[in-house]
There are 4 protein chains.
Amino acid sequence: MHCRDKKGIIASVTNFIHQQNGNIVYIDQYVDRNLGVFFMRVVVEGAFDDSKYTQLKAAFIASLGKTFQLNCSFYLEEKLPKMAVFVSKYDHCLYDILSQQRSGKLTCTIPFICSNHPDLQFIAEQFNIPFFHIPVSKENKAAAEQKQLEILKQFETDCIVLARYMQIITSKIIDAYRHKIINIHHSFLPAFPGAKPYHSAFDRGVKIIGTTSHYVTEELDAGPIIEQDVIRVSHEHEVKDFIAKGQDLERVVLLRALKLHCERKIMVYGNKTVVFN
Amino acid sequence: MHCRDKKGIIASVTNFIHQQNGNIVYIDQYVDRNLGVFFMRVVVEGAFDDSKYTQLKAAFIASLGKTFQLNCSFYLEEKLPKMAVFVSKYDHCLYDILSQQRSGKLTCTIPFICSNHPDLQFIAEQFNIPFFHIPVSKENKAAAEQKQLEILKQFETDCIVLARYMQIITSKIIDAYRHKIINIHHSFLPAFPGAKPYHSAFDRGVKIIGTTSHYVTEELDAGPIIEQDVIRVSHEHEVKDFIAKGQDLERVVLLRALKLHCERKIMVYGNKTVVFN
Amino acid sequence: MHCRDKKGIIASVTNFIHQQNGNIVYIDQYVDRNLGVFFMRVVVEGAFDDSKYTQLKAAFIASLGKTFQLNCSFYLEEKLPKMAVFVSKYDHCLYDILSQQRSGKLTCTIPFICSNHPDLQFIAEQFNIPFFHIPVSKENKAAAEQKQLEILKQFETDCIVLARYMQIITSKIIDAYRHKIINIHHSFLPAFPGAKPYHSAFDRGVKIIGTTSHYVTEELDAGPIIEQDVIRVSHEHEVKDFIAKGQDLERVVLLRALKLHCERKIMVYGNKTVVFN
Amino acid sequence: MHCRDKKGIIASVTNFIHQQNGNIVYIDQYVDRNLGVFFMRVVVEGAFDDSKYTQLKAAFIASLGKTFQLNCSFYLEEKLPKMAVFVSKYDHCLYDILSQQRSGKLTCTIPFICSNHPDLQFIAEQFNIPFFHIPVSKENKAAAEQKQLEILKQFETDCIVLARYMQIITSKIIDAYRHKIINIHHSFLPAFPGAKPYHSAFDRGVKIIGTTSHYVTEELDAGPIIEQDVIRVSHEHEVKDFIAKGQDLERVVLLRALKLHCERKIMVYGNKTVVFN
C-alpha cells in the first residue's frame with residue numbers, strides 16, 4: 001500500500017490486522033520524505049477462507065482505505081503470477097528462467113514463450129512449454145503486437161519478461177501491462193542506453209561493467225530500475241570478454257528482479273521502485 | 001527495544017508515540033522466529049524539554065515496558081557517545097577514526113587515546129587529543145588494565161575501539177564495557193582467527209580475503225559480528241599485498257562499524273547483532 | 001609450464017616459438033618468490049598440421065624442457081575436454097552446467113551424468129545425455145566407486161564435476177583424476193567446512209556468506225581453491241534465505257571454475273592454484 | 001613501453017636485460033588487438049650505479065628502442081614523484097591522502113597544498129605542509145592558474161591530484177601536466193557527469209552508485225579512467241545517504257588510483273589506461 005504520509009497509519013493498520021486475528025509475519029514501511037509518501041508491505045497469516053478473505057479486503061478498503069486514501073493491492077501467496085517470456089536468439093536468460101522456475105525458485109507459471117525467431121523453439125520443447133514464433137519487421141510491427149496481445153489475453157497472462165528480446169515494445173502492449181513488463185538491459189543504466197552497450201563501455205575504457213533490470217516504459221531504457229549489478233573488467237578484456245562476463249551477470253540480475261516481482265516485493269512510484277526485500 | 005514476540009507490540013508502541021504528539025521519523029523492526037524475539041528501533045521527533053523527556057521515558061516503561069516486558073534503551077541524538085581509542089603501532093585505523101570524527105562523519109567525541117607503545121603519540125598531538133602510554137607485559141597486565149579502567153572512568157568513557165590494539169583484553173575491562181568494545185580483526189571470521197591471518201590466508205590459497213569488526217567478548221575473536229567486507233586476491237599477490245589490501249579494508253570496515261555503534265543502530269542479542277541500517 | 005625460476009626462461013621460450021613461426025596470442029607468467037617457482041601460460045597460433053604439432057612438442061621438450069627442467073602440458077584448443085557430471089538431488093548447478101554447455105559457453109563435452117539418486121534423470125533426458133543411477137551406501141561404497149571408474153573409463157572422461165554431489169569421494173577415484181575433480185562447497189572456505197555450512201554461518205551471525213570451488217583431494221574440503229565469491233546477508237535473513245542466496249552463488253562460482261578448467265587456465269602447485277585469466 | 005605489435009619484442013627485451021645481468025622481478029604485457037599495439041611493464045633489479053643506469057638506458061633506446069620504435073619511460077624506484085594536492089572545502093580525500101602518505105603507503109612526496117578556499121589550511125598545518133590559498137573566480141581564472149603554474153614549477157611538481165577541487169582546470173595547466181592530473185569524480189562515469197551526480201543518481205532511482213578516478217583532459221569528466229568502484233543503495237537512502245556512502249568510496253577509489261600512478265603502473269593510450277597491477 002502507499003498513500004500520503006500521515007501520523008498513525010502503521011498503528012491503524014496493525015491494529016486492524018490484530019483485531020481480525022491476523023498474524024503479521026512481515027512488515028516493512030518506508031517514507032519518501034521528499035515526496036511525503038508512505039509505503040508499506042505487510043504479510044499476514046490467518047485462517048481465512050475465500051469468503052472471509054473477500055470480506056476482510058472490503059472492510060479494510062472501506063475503513064482504513066478511505067481514512068488514509070490508501071492505494072493498496074492484495075495478493076494470495078498461493079496464487080502464482082503467470083509470466084510470459086519473450087526472447088529473440090540469446091538463450092542464456094531463457095535457460096535460467098525455465099530451470100529456476102522448474103526448481104521452484106521462481107514462483108510463477110510460464111504459460112508460453114514468444115519469439116521473433118524460431119531458433120529457441122527447441123528449448124521450449126525441452127521444457128514442454130507452448131512456443132509462438134511471431135516474426136517482427138518494421139512493416140508488420142502493429143499486427144505482430146496485436147497477435148501478441150491476443151495470445152497474452154488467451155493465456156490470462158499477468159506479466160511479461162523480455163529475456164533479451166531484441167525488439168522495442170510500443171505503448172500498445174505497455175499500456176496493457178503497465179509496470180508488468182520486465183526487461184534486462186546489458187549496461188549499468190543510465191550509462192550506455194540503447195544498442196551495443198558493451199561496445200560503448202569498451203570504447204570508453206570503463207573498469208566496471210554492469211547490467212540493469214527495469215520495468216518497460218515508453219521511453220527506451222528509462223523505466224523504473226528494479227535491480228542492478230556490476231563486474232570488474234580491465235584493459236586485458238576485449239569486447240567479447242565484456243559480452244561473456246556481462247551475459248553471466250544478465251541472467252543473475254534478471255532472475256533477482258523476476259523473483260522480487262513474482263513475490264510481490266516491488267512497488268513502483270513515480271519512476272522509481274521501492275523494493276521490500 | 002526487544003522482547004518476546006507477541007501480537008500488537010508495533011500497534012501499541014506507535015499508538016503511544018502518536019498520543020504523545022511524537023513524530024516517528026524512522027521505525028524498523030525484526031522478529032527472530034527461531035528465538036521468538038521481537039526487535040524494534042524507533043526514532044522520534046518532538047518538542048520535548050528535559051523534564052518532558054524524563055516523564056515520557058518513565059510513562060513508556062511503566063505502561064508498555066511492563067505489558068510487553070520490554071528491554072529498551074533511550075538515547076538523545078544530540079548527546080554524543082565518548083569513545084576511547086586503543087592502539088599499538090599501526091596508524092591506518094587511527095588516522096581514519098580521527099579524521100572522520102573531525103569531519104563530523106563519526107558522531108562521537110574522543111576523550112583520549114591509549115597505547116602500549118609511544119609510537120603514535122605524535123598523531124594524538126597532531127589532533128590535540130590526550131595520549132596515555134601504558135606499556136603492557138605478561139607481568140604487569142592486571143595493573144595496566146587497572147590503570148586503563150581508571151582513565152576510562154575519569155573521562156566518563158562510553159565505549160572503546162581497539163584500532164589494531166595488539167593486546168588481548170581480559171574480563172576485567174570486558175565486564176565494565178559489555179558490548180561496548182569494538183575490535184577490528186584482519187580476517188573474514190570465523191576463518192583465520194587469532195594472529196597472522198593474512199599469512200594463513202596466503203598459505204591456504206584463498207581467492208578472497210576479508211576483515212571483520214565485532215564486539216569483544218571473553219572468547220577470542222568470537223564476539224558478535226557487526227560488519228564484514230572482502231576483497232579479491234589472486235596467485236599474483238604475496239603476503240605483503242594481502243596486508244596492504246587488507247589494511248585498506250580494515251579502516252573502511254572499522255569505520256562502518258563505529259558509525260553504526262555511535263548512531264545507536266546496533267542491538268546485540270545472544271552472540272549476534274541486529275543492525276538497523 | 002612450471003619449473004624452478006631461472007634467468008632467461010621467457011626469452012628462451014618466446015625465441016623458440018618465434019623461430020618456429022608461431023604467433024604468441026597470449027602469454028602470462030608468474031613467479032612464486034617464496035617457493036622460487038616460475039609459471040607460464042602461452043597460447044600460440046600457427047599453421048601446424050598434426051605431424052608438425054607432434055614434432056614441435058618433441059623439439060620443445062628435448063631442448064628447453066631439458067634445459068629448464070620444465071613441467072609442461074600441451075593442449076589443442078579444438079580438442080574439448082570430456083567432463084562427467086556427478087549429482088545427488090539438487091538441480092540448480094546441473095541445469096546451469098547443461099544449459100551453459102549447450103550455449104557453447106562451457107567448452108567441454110558431457111559424456112554422462114551420474115547420480116546416487118534417480119531424481120534428476122528427467123533433466124538428463126531433457127538434454128539427451130546418458131544417465132547412470134548408482135546408489136551409494138556405507139556398505140557398497142567401494143563397489144559403487146568401482147562401477148563409476150568403469151563408466152568414466154568407458155567414456156574416456158577427462159574430468160569430473162561434483163555438482164552438489166553429496167558423497168565423499170575416496171582416493172580410489174581421486175588417484176585416477178588428480179586435480180581433475182572439481183567440487184563446489186557451499187561456504188567461504190576455510191570457514192564452515194563439512195556439512196550444513198549455511199546453518200553454521202547463520203549461528204555465527206556472519207554478515208557475508210560465500211561459496212568455494214576447489215579441486216578434490218583426500219582431505220575433505222581442503223583441496224586447492226579455484227574460485228570463491230560472496231554475498232551479503234543480514235539479521236533479517238533466516239537459514240532458508242542463506243540457502244536461497246547461496247545456491248544462486250553456487251551456480252555462478254562453479255561455472256566460473258569449470259570454464260577456467262575447461263579452457264586450461266589453471267595450474268595446480270602445492271595446495272594452491274595459479275589462475276591465468 | 002609501448003609500440004606497434006610485432007613478433008619477438010618480449011624475447012628481445014628480456015634477452016637484453018638478461019645480457020646486462022639485470023634480474024626481471026616483474027614483467028607483464030598486453031596487446032590491444034584492435035589497435036595492434038603492444039604494451040609492456042618490466043621491473044628490473046640490478047647492481048647499477050648512476051652512470052651504468054644512464055648508459056643502459058641509452059643502449060636500450062639505441063638498439064631495441066630503434067628496432068621496435070618503442071615509446072618507453074624509465075623510473076628509479078627510489079625517486080618518489082612530487083604530487084601537489086588541490087582542494088576546495090571537502091576534507092575527506094585530503095585527510096586520506098596525507099595520512100596514507102605519512103604511513104608510507106602512498107609513495108610520493110607532497111610539496112604543497114593549494115586551495116581556492118582557506119578552510120582546510122588547518123589540516124595542512126597539522127601535517128606541516130605548505131598551503132597556498134589562491135581564490136578563483138570567473139574574472140581572475142587565468143591569473144589564478146598562472147600563479148598555480150608558478151608554484152607547481154617552483155616545487156618541481158611531477159603530478160597533481162584534484163582531491164574534490166571544485167574548479168575546472170583549463171588547458172593552460174592540462175598541457176603542462178598531460179596525463180599527470182588525477183581527478184576523483186563522484187559518479188560511476190559516464191553516468192551522471194558534471195555537477196550534483198548524487199542528486200541525479202537519486203532522481204534516476206539507481207540501485208548502485210559509484211565513483212571514478214580519471215586523468216583530466218580538456219573534455220570535462222571524459223579523460224582516461226584509472227579506477228572505479230561502486231556501492232549498493234536502496235529506496236531507503238536519501239540524497240544525504242548517497243553522499244555519505246559516496247564520500248567513503250571517493251577516498252578509497254582516489255587512493256587506489258594515486259597509488260597506481262605513484263608506483264608507475266599506469267600507461268595511457270588513446271583515451272584509455274592500461275593498468276599493470
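Just so we're on the same page: letters track the sequence lines, and every chain starts at 1.
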Quiz item: Is the CZ atom of B:Phe276 crowded by more than 12 outside heavy atoms at less than 6.0 Å?
Solution: yes
Quiz item: Considering residues, nucleotides and ligands other than C:Lys245, do more than 12 of their heavy atoms fall under 6.0 Å from its NZ?
Solution: yes
Quiz item: Just by distance, do the side chain of B:Lys207 and the backbone of C:Thr212 share a donor-acceptor pair under 3.5 Å?
Solution: no
Quiz prompt | OG on B:Ser234 to OH on C:Tyr30, rounded to 0.5 Å | solution = 8.0 Å
Practice problem: Identify which of B:Ile226, B:Val239, B:Leu189, B:Asp32 forms the greatest number of heavy-atom pairs closer than 4.5 Å to chain C. | Solution: B:Ile226
Quiz prompt | Heavy-atom donor-acceptor pair, C:His235 side chain to B:Thr273 backbone, under 3.5 Å | solution = no
Quiz item: Should we say atom CD of C:Glu218 is surrounded by more than 12 heavy atoms from elsewhere, each under 6.0 Å from it?
Solution: yes
Quiz item: Between C:Arg204 and B:Gly223, which heavy-atom pair has the shortest distance, and what is it?
Solution: NH2-O, 3.0 Å
Quiz item: Which one, C:Ala222, C:Gly270, C:Pro224, leads in non-hydrogen pairs under 4.5 Å with chain B?
Solution: C:Ala222
Quiz prompt | Within 6.0 angstrom of B:Ile168 CD1, more than 12 heavy atoms from elsewhere | solution = no
Self-check item: Heavy atoms of other groups near B:Lys196 NZ, more than 12 under 6.0 Å
Solution: no
Quiz item: So do the side chains of C:Phe188 and B:Val206 get within less than 4.5 Å of each other, counting heavy atoms only?
Solution: no
Practice problem: Could you check C:Phe202 against B:Lys272 for side-chain contact (heavy atoms from CB on, under 4.5 Å), going step by step and ending with a plain yes or no? | Solution: CA-CA 9 Å; C:Phe202 179 80; B:Lys272 292 188 188 185; 3.3 Å; yes
Quiz prompt | C:Ile61 atom CD1: more than 12 heavy-atom contacts under 6.0 Å | solution = yes
Quiz prompt | Distance in Å, B:Ile209 CD1 paired with C:Gln228 CD, rounded so as to fall on 0.5 Å steps | solution = 11.5 Å
Exercise. Look at atom NZ of C:Lys259 and say whether more than 12 heavy atoms of other residues, nucleotides or ligands are closer to it than 6.0 Å.
Key: yes
Quiz item: Do side-chain atoms of C:Arg33 reach the backbone of B:Glu238 as a donor and acceptor pair under 3.5 angstrom?
Solution: no
Quiz item: Given C:Asp229 and B:Arg232, is the side-chain contact (heavy atoms from CB on, under 4.5 Å) satisfied, shown in steps?
Solution: CA-CA 9 Å; C:Asp229 212 342; B:Arg232 287 204 163 261; 3.5 Å; yes
Quiz item: Do other residues, nucleotides or ligands put more than 12 heavy atoms under 6.0 Å from the CZ atom of B:Phe38?
Solution: yes
Practice problem: Could you tell me which portion of B:Phe39 (side chain, backbone, both or neither) has an atom closer than 4.5 angstrom to a non-hydrogen atom of chain C? | Solution: neither
